[in-house]
Amino acid sequence: MCGLCQWCQRKLGKRYKNSLDTVGTPDSSRGIRNEKKALKLPAGAKTTNTTVVPGQAQPEEGDKKADQRSSVSDLVNSLTSEMLMLSPGSDDEDGHDSSGRETLGRIQFSVGYNFQESTLTVKIMKAQELPAKDFSGTSDPFVKIYLLPDKKHKLETKVKRKNLNPHWNETFLFEGFPYEKVVQRVLYLQVLDYDRFSRNDPIGEVSIPLNKIDLTQMQTFWKELKPCSDGSGSRGELLLSLCYNPSANSIIVNIIKARNLKAMDIGGTSDPYVKVWLMYKDKRVEKKKTVVMKRCLNPIFNESFIFDIPTEKLRETTIIITVMDKDKLSRNDVIGKIYLSWKSGPGEVKHWKDMISHPRTAVAQWHQLKA
């Protein structure tokens with residue numbers, strides 16, 4: 001036998017990744033902001049909702065839940081069995097990710113102009129393959145609609161709870177809008193994930209100059225979502241380690257350091273600190289935070305926090321890391337976040353699984369901060 005040689009560990013990582021893939025998320029046609037009313041619009045602008053297309057298949061409400069009685073010993077036994085079946089010459093591919101680029105999904109919409117009524121019509125139809133932004137492994141998407149350069153007035157769709165392939169079928173009318181002005185505008189659609197605990201997370205955006213399309217009749221488009229141009233791609237990185245102790249039922253989170261943090265203050269710097277939230281299912285359990293590092297975009301923290309987590313609750317646990325900018329005169333700003341769990345992004349899931357497969361060992365990894 002070769003023991004836990006590097007070849008077996010690499011192959012085992014692939015097998016182990018595949019065995020822990022989660023199931024899809026249910027669909028829900030109800031928005032979570034029931035009190036949301038029509039927002040302030042330019043003169044003559046209003047919205048109407050079309051009826052949802054009948055016969056659309058809706059996913060089942062109940063997801064299959066992971067067996068919560070699994071233990072570290074079960075995982076170790078499973079890993080050992082997999083290792084024994086592996087041998088040189090296997091057809092499995094190495095590595096976890098074939099591409100480091102995150103897929104943002106795409107959106108379907110239609111646009112047209114009624115010359116007799118001087119009305120621009122925008123219909124938001126649906127989106128597909130949106131990324132999961134919530135710690136539960138899904139998103140609560142909605143769409144904001146602008147006619148740039150006007151960013152003061154916007155329209156919004158309803159929120160679709162826990163849905164990565166939402167159907168909106170909502171129609172928005174901009175009445176009393178002369179065609180000469182319409183063709184000077186850019187239709188801008190921004191897809192966001194609704195978050196009732198903090199600021200909404202941007203998912204992606206689409207923009208289309210209205211003078212580039214034929215508005216004499218309704219035209220339908222499929223557009224790939226692009227990263228939102230709000231600086232979310234340059235928020236910096238955070239190095240942290242995770243150490244799981246199965247006998248003590250605990251996880252030690254060590255916030256080591258950050259680099260290239262986004263400057264949030266007028267002076268071109270930030271006063272960063274890190275908040276660590278322990279979440280179980282959808283509930284906040286415990287919060288801890290580091291000290292504030294004054295005027296520093298590359299802070300070194302080296303602070304450790306211990307969280308008690310029973311083995312049977314591990315699969316429903318999420319650790320949310322939030323890098324904040326301390327502000328004395330106003331509310332503290334969010335620089336970026338990291339969600340660590342079984343159901344997060346590829347890099348976060350890899351770190352979580354590496355922690356489980358290497359008990360009592362501090363596993364360190366760099367993470368890109370996200371909006």
Side-chain angles (χ1 to χ4, degrees), residues 13 16-26 63-72 74-75 78 96-97 102-103 130-141 161-164 193-198 201 203 237-246 249-255 274-288 305-323 334 336-359 361-371:
Y16 185 55
K17 175 179 183 295
N18 294 336
S19 68
L20 292 174
D21 285 342
T22 57
V23 298
T25 56
D63 283 347
K64 295 181 180 178
K65 295 194 174 180
D67 185 0
Q68 296 182 348
R69 295 174 296 178
S70 61
S71 64
V72 173
D74 294 330
L75 291 174
S78 174
H96 292 276
D97 299 318
E102 183 181 11
T103 300
L130 298 180
K133 289 290 186 176
D134 298 337
F135 50 82
S136 58
T138 183
S139 291
D140 302 319
R161 263 186 77 80
K162 301 182 185 303
N163 199 326
L164 300 181
D193 169 53
Y194 176 77
D195 192 335
R196 64 178 180 176
F197 293 121
S198 61
D201 296 324
I203 294 177
E237 298 176 279
L238 182 69
L239 177 64
L240 62 96
S241 69
L242 301 174
C243 180
Y244 180 54
N245 189 332
N249 286 329
S250 66
I251 290 180
I252 299 176
V253 180
N254 184 16
I255 306 299
V274 181
K275 289 195 304 185
V276 184
W277 268 106
L278 174 66
M279 308 287 294
Y280 179 64
K281 294 185 177 179
D282 291 336
K283 297 181 179 180
R284 295 183 176 187
V285 178
E286 187 176 2
K287 180 184 78 171
K288 299 183 180 182
F305 307 104
I306 300 178
F307 295 96
D308 296 326
I309 306 175
T311 301
E312 63 272 13
K313 294 185 177 181
L314 204 55
R315 284 184 177 271
E316 299 294 334
T317 294
T318 299
I319 296 176
I320 302 179
I321 312 291
T322 306
V323 180
V334 176
K337 295 182 180 181
I338 301 166
Y339 294 86
L340 298 169
S341 72
W342 294 100
K343 302 177 182 180
S344 305
E348 293 84 353
V349 170
K350 178 182 181 298
H351 197 179
W352 192 264
K353 292 178 180 180
D354 287 345
M355 173 193 71
I356 298 298
S357 60
H358 298 84
T361 302
V363 181
Q365 182 175 317
W366 281 101
H367 291 273
Q368 183 74 40
L369 294 174
K370 298 180 181 179

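- Looking at every heavy atom in both residues, S139 comes nearest to K133 through OG-N, 2.9 Å.
- Every side chain to side chain donor-acceptor pair (under 3.5 Å) that N245 has, sequence neighbours left out, goes to S247.
- The distance from atom CG of D201 to atom NZ of K337, rounded to the nearest 0.5 Å, is 5.5 Å.
- Counting only distance, with no hydrogens or angles, the side chain of S341 and the backbone of K343 share a donor-acceptor pair below 3.5 Å.
- Atom-to-atom distance recorded for L340:CG and H351:NE2 is 7.0 Å, nearest 0.5 angstrom.
- Taking the ring centre of F305 as origin, the terminal cationic atom of K288 falls outside the region bounded by 6.0 Å and 45° from the ring axis.
- Residues T311 and Y244 have side chains in contact (heavy-atom distance under 4.5 Å, counting atoms from C-beta outward).
- The backbone N or O of L278 sits nowhere less than 3.5 Å from a side-chain atom of T317 that would complete a donor-acceptor pair.
- In this structure, E348 contributes its side chain and H367 its backbone to no donor-acceptor pair below 3.5 Å.
- Atom CD1 in I306 sits 9.5 Å away from atom SG in C243 (nearest 0.5 Å).
- Between W277 and E286 the shortest heavy-atom distance is CE3-O, 3.3 Å.
- At least one side-chain heavy atom of S250 sits less than 4.5 Å from a side-chain heavy atom of D308.
- In terms of heavy atoms, Q368 sits closest to I338 at O-CG1, 4.3 Å.
- No donor-acceptor pair closer than 3.5 Å links the side chain of N254 to the backbone N or O of L240.
- Panel note: side chain D140, backbone K162; a donor-acceptor pair is recorded below 3.5 Å.
- Under the 3.5 Å distance criterion, the side-chain polar atoms of T322 are left unmatched by any main-chain donor or acceptor of K275.
- W352 and W342 have perpendicular rings, their planes meeting at more than 60° on a 0 to 90° scale where under 30° would count as parallel.
- Separation of atoms CD (E312) and CG (N249) is listed at 7.0 Å; rounding is to 0.5 Å.
- Residues V253 and I255 meet the side-chain proximity criterion, which asks for heavy atoms closer than 4.5 Å.
- A pairwise comparison of heavy atoms in P131 and L164 identifies O-CD2, 3.7 Å as the closest pair.
- With sequence neighbours left out, the salt bridge (Lys or Arg N to Asp or Glu O under 4.0 Å) criterion links K287 to no other residue.
- Side-chain atoms of L314 and I251, non-hydrogen and from C-beta on, do get closer than 4.5 Å to each other.
- Taking the side chain as every heavy atom from C-beta outward, V276 and I320 never approach each other to under 4.5 Å.
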